[in-house]
Amino acid sequence: LGYDVTVFDGEAKAGGFIRTQIPRFRLPESVIDEETGYILDLGVTFKSGQRIDSMKALLAEKFDAVFVGCGAPRGRDLDLPGRKEAAANIHIGIDWLASVSFGHITKIGKRVIVLGGGNTAMDCCRSSRRMGGDEVKVIVRSGFDEMKASPWEKEDAMHEGIPILNFHVPKAYIHENGKLTGMTFELVKAVYDANNRRSLVPTGEPDVMIACDDVLVAVGQ
């Protein structure tokens, strides 16, 4: 429409967030360069390394409109019993993926639990497999069909030999002398009322303990 468009990004290159939070095996950097290139070639002005600390100051620059598309880069934690004691081996998934992308993290334990059923969880489990995780499990409180991950993301994970355990509600991190050794889970089932509203209710079976060396928390952002 002939508008002058300026894009401010805190990263060094266009598409900064997807460069750091999505693994290279799933989204090669060459594809990001090509896609962002289409936009930049339209004449968009791109200003990298620009931190926006004040929306008031930005609006004062007389832009006709401001669109904020910064995403949700802060992952949610899961504060259960044992979280503080075993903190060294419990990682927020979205932060962990960024550390892997920057090369700050290069390995992980042999036994890995990934908590969550979205695409970030799928990225975490497949990255763990590539970094030395022999026994990687995705554990979800919902049913398989209700997981938020794209169908092909779930299929790719399972094709790599990564099981997905559904209807497991995390209860506690298990540790010995400050070292994470596993997690306990309550088994639940889906029950629907007359209005087809779902509730997760305990099955009454004993809690399940699953051994692990590391936990990646990918339960939302």
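Just so it is clear, the model here is predicted, and its values are computed rather than measured.
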Mind checking whether Tyr173 and Leu78 have side chains closer than 4.5 Å, heavy atoms only?
-> yes
Does Ser101 reach the main-chain N or O of Leu97 with its side chain, forming a donor-acceptor pair under 3.5 Å?
-> no
Whether Arg76 side chain and Val217 backbone form a donor-acceptor pair below 3.5 Å | no
Taking the side chain from Ser150 and the backbone from Glu153, do they hold a donor-acceptor pair closer than 3.5 Å?
-> no
Within a radius of less than 6.0 Å around CD of Glu176, do more than 12 heavy atoms belonging to other residues, nucleotides or ligands occur?
-> no
Evaluate the criterion salt bridge (charged side-chain N to carboxylate O under 4.0 Å, His left out) for residue pair Lys154 and Asp156; output intermediate values, then yes/no.
-> CA-CA 6 Å; Lys154 294 186 283 187; Asp156 287 344; over 6 Å; no
Side-chain contact test, heavy atoms from C-beta onward, threshold under 4.5 Å: evaluate it for Arg198 versus Glu146 and give yes or no.
-> yes
Start with the C-alpha distance between Val140 and Ile164, add both sets of side-chain angles, then the distance that settles side-chain contact (heavy atoms from CB on, under 4.5 Å), and finish with yes or no.
-> CA-CA 7 Å; Val140 191; Ile164 297 175; 4.2 Å; yes
Counting only heavy atoms not in Arg111, do more than 12 fall under 6.0 Å of its CZ?
-> yes
Phe63 side chain reached by Thr6 side chain, heavy atoms, under 4.5 Å | yes
If you measure from SG on Cys124 to CG on Asn119, what distance do you get to the nearest 0.5 Å?
-> 11.0 Å
Heavy-atom check, side chain of Val66 versus side chain of Met55, under 4.5 Å = yes
Return yes if some donor-acceptor pair links the side-chain N/O of Thr120 with the main-chain N/O of Ala218 below 3.5 Å, else return no.
-> no
Any side-chain heavy-atom pair from Arg130 and Phe25 closer than 4.5 angstrom?
-> yes
When you check the gap from the basic side-chain N to the acidic O, do Arg83 and Asp79 get nearer than 4.0 Å?
-> no
Just say parallel, tilted or perpendicular for the rings of His168 and Phe185, cut-offs at 30° and 60°.
-> perpendicular
Side chains of Leu187 and Phe167: does their closest heavy-atom pair fall under 4.5 Å?
-> no
Ion pair check, Asp207 and Lys171, cut-off under 4.0 Å = yes
Please confirm whether the backbone N or O of Ser142 pairs with a side-chain atom of Asn166, one donor and one acceptor, at under 3.5 Å?
-> yes
State whether the side chain of Arg129 and the backbone N or O of Glu160 hold a donor-acceptor pair below 3.5 Å, judged by distance alone.
-> yes
Should the heavy atoms of other residues, nucleotides or ligands under 6.0 Å from CG of Asn177 be counted, would the total exceed 12?
-> no
Is any side-chain heavy atom of Asp123 less than 4.5 Å from a side-chain heavy atom of Arg26?
-> yes
For the side chain of Asp214 and the backbone of Ile108, is there at least one donor-acceptor N/O pair under 3.5 Å apart?
-> no
Does the side chain of Ser127 come within less than 4.5 Å of Trp96's, by heavy atoms?
-> yes
The reported gap from OG in Ser128 to NE2 in His91 (rounded to nearest 0.5 angstrom) is 8.5 Å
Short N-O contact, Glu135 and Lys110, less than 4.0 angstrom = no
